[in-house]
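Worksheet for the structure shown next.
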Amino acid sequence: LLTLRFNKTSIFMKKLFILLNLFIISQLLSAQTQIIAHRGFWKTSGSAQNSISALIKADSIAVYGSEMDVWLSADGVPMVNHDDSIFFNGKKISVQDTDSKVLKSIILQNGEPMPTLKEYLKVFKKTKSIKLIIELKKHRTKAQEDELAKKTLRMVNSFCLQNRVEYISFGLNFTTKLIHLDPKAEVYYLNGDLSPKVMKEIGASGIDYHHSVIRKNPEWIKEAHDLELKVNV
Ligand code: MG
């Protein structure tokens, strides 16, 4: 009887020890820096910035997330591209001023056509664990930005991807608009000119600033964490 008791205690201790270790490992992992592939994972063969391949390849290396940039075409279609200006038939054109039909015919460096946000989300839905970081680019007018914010949220909702998507923007209008339209959305501001306190007041999830901004305001890290905001660089 005594031996049996001892064995049970021993098994219990072992289990406790394993659980304790798992807890410590999970704490260490959660404290680790998380990495986001900027414009996807594109510095690799067969990939290109903001291409569907860059998204799939980011998923294959199990980073925290994959980032991309979105513009509204002249005919109101959210398109995935970094710059507003792009070469078409040897001429520089503006994404904002061009219809989606033309934009979709533009071929990226890896041979894929420029994707629409809808096409991007469709592929993202099939990825395993990464988050999608959607950057909404600053447009010429508030009306364009409001339309893009509305359309992007609607599209993300239609794919039921609300919990796997985060938003970033240099535009304060986009930041506040997204939060206003979906208070649960994770939204980060990029422009570097507002303190964590202001971010908390407008309901943002955190700051996402260039490292030079953080170096100038090192106290913002603790300030943000104390306000339960995330700090992205
Ligand atoms: Mg970007």
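Quick caveat, the model's predicted, so the values are computed rather than measured. Both ligands and their constituent atoms are indexed starting at 1 by order of listing. No hydrogens, no waters, no symmetry mates; every other heavy atom, side chains included, goes into these values.
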### Query
Can you tell if the side chain of L132 reaches within under 4.5 Å of the side chain of M68, non-hydrogen atoms only?
yes
### Stepwise side-chain contact (heavy atoms from CB on, under 4.5 Å) test for N50 and N81
CA-CA 6 Å; N50 281 316; N81 197 58; 5.5 Å; no
### Message
For the CG atom of L178 and the NZ atom of K150, what is their distance to the nearest 0.5 Å?
### Response
12.0 Å
### Message
Check for me: within less than 2.8 Å of the Mg ion (ligand 1), which protein N/O/S atoms show up?
### Response
E67 OE2, D69 OD1, E135 OE1
### Query
Between K104 and D99, is there a salt bridge with N-O shorter than 4.0 Å?
no
### Task
Decide yes or no on side-chain contact (heavy atoms from CB on, under 4.5 Å) for D75 and T98, but give the supporting numbers first.
CA-CA 7 Å; D75 58 335; T98 308; over 6 Å; no
### Message
Below 30° counts as parallel, above 60° as perpendicular, anything between as tilted: where do the rings of W71 and H139 land?
### Response
tilted
